[in-house]
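Written out below as structure tokens is the structure these notes cover.
Being a predicted model, the structure only gives us computed values, none of them experimental. Values below: all heavy atoms of this structure, side chains included; hydrogens, waters and symmetry mates excluded.
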Amino acid sequence: FSDISARLAYNFSSQSKINMEASYRNQTGREIDLDLFTLRTEYSATVRQLYFKLGVEMYNRSYLSEKVDFMGGYVKIARRF
């Protein structure tokens, strides 16, 4: 069983930043053979009272004979008063 994870954040300015999260897990044993990788990246920015978030997620799993690959993204716009 091995598990690795990492986080990275960088502020471009007081109104914008980027966050990255990654993890990897490997389990091998009796009736289990798991290989899992996840990655998430998010960019956040603020303009006056508008908050923007743009993100990408990736998920790759291999469990026994099943393989799952997922990649998606999202956009969030909010106004706070």
Side-chain angles (χ1 to χ4, degrees):
F1 162 30
S2 61
D3 192 15
I4 299 170
S5 62
R7 284 187 176 186
L8 178 66
Y10 182 77
N11 292 332
F12 295 108
S13 68
S14 61
Q15 287 91 18
S16 66
K17 66 180 178 179
I18 190 165
N19 292 322
M20 295 179 69
E21 298 177 19
S23 65
Y24 175 74
R25 173 173 283 181
N26 182 295
Q27 289 180 312
T28 305
R30 190 172 166 182
E31 296 185 21
I32 188 166
D33 188 16
L34 174 67
D35 197 20
L36 174 66
F37 176 73
T38 59
L39 177 68
R40 180 178 182 183
T41 303
E42 182 178 81
Y43 175 75
S44 304
T46 304
V47 178
R48 297 188 185 195
Q49 290 182 339
L50 287 175
Y51 293 82
F52 299 94
K53 286 189 179 184
L54 174 66
V56 176
E57 296 177 325
M58 188 180 103
Y59 177 88
N60 184 325
R61 181 182 79 176
S62 175
Y63 180 67
L64 297 175
S65 62
E66 176 187 19
K67 291 189 182 226
V68 176
D69 289 324
F70 170 78
M71 182 177 249
Y74 59 91
V75 175
K76 180 179 179 181
I77 302 172
R79 181 167 185 225
R80 297 185 187 164
F81 298 93

- Joining Ile, Leu, Val, Met, Phe, Trp and Tyr whenever any side-chain heavy atoms lie under 4.5 Å apart, the cluster holding I18 also takes in Y10, F12, Y43

- Task: Determine whether the side chains of N26 and T28 contain a donor N or O and an acceptor N or O closer than 3.5 Å.
- Result: yes

- Message: Assigning hydrophobic clusters by single linkage (Ile, Leu, Val, Met, Phe, Trp, Tyr; side-chain heavy-atom cutoff under 4.5 Å), is V75 placed with V47?
- Response: yes

- Note on the structure: The residue among D3, N60, D35 that forms side chain to side chain donor-acceptor pair (under 3.5 Å) with Y24 is D35

- Query: Among the clusters formed by ILVMFWY side chains lying less than 4.5 Å apart, do V68 and L64 turn up in the same one?
  - Reply: yes

- Note on the structure: Taking every heavy atom of V56 against every heavy atom of Y74, the minimum-distance pair comes out as N-CE2, 4.3 Å

- Task: Check the pair Q49 / R80 against side-chain contact (heavy atoms from CB on, under 4.5 Å), numbers first and verdict last.
- Result: CA-CA 6 Å; Q49 290 182 339; R80 297 185 187 164; 5.7 Å; no

- Quick one: do E66 and R61 satisfy side-chain contact (heavy atoms from CB on, under 4.5 Å)? Show the steps, please. CA-CA 8 Å; E66 176 187 19; R61 181 182 79 176; 3.3 Å; yes

- Message: Looking at every non-hydrogen atom in both residues, tell me the closest pair between Y63 and E31 and how far apart they are.
- Response: OH-O, 4.3 Å

- Point-to-point distance, once rounded to the nearest 0.5 Å, from OG of S23 to CD1 of I4: 10.0 Å

- Message: Hydrophobic clusters here meaning ILVMFWY residues chained together by side-chain heavy-atom distances under 4.5 Å, can you tell me if L34 and F70 are in one?
- Response: yes

- Test log, rule side-chain contact (heavy atoms from CB on, under 4.5 Å), inputs L36 and Y59: CA-CA 8 Å; L36 174 66; Y59 177 88; 3.6 Å; yes

- Query: Looking at R7, M58, E57, which hits side chain to side chain contact (heavy atoms under 4.5 Å, CB included) with R40?
  - Reply: E57

- Report yes or no: do F1 and F37 belong to one cluster of Ile/Leu/Val/Met/Phe/Trp/Tyr joined by side chain heavy-atom distances under 4.5 Å? no

- How far does CG of D33 sit from OG of S62, to the nearest 0.5 angstrom? 6.5 Å

- Message: Rounded at 0.5 Å granularity, tell me how far CZ in R48 sits from CD in Q15.
- Response: 11.5 Å

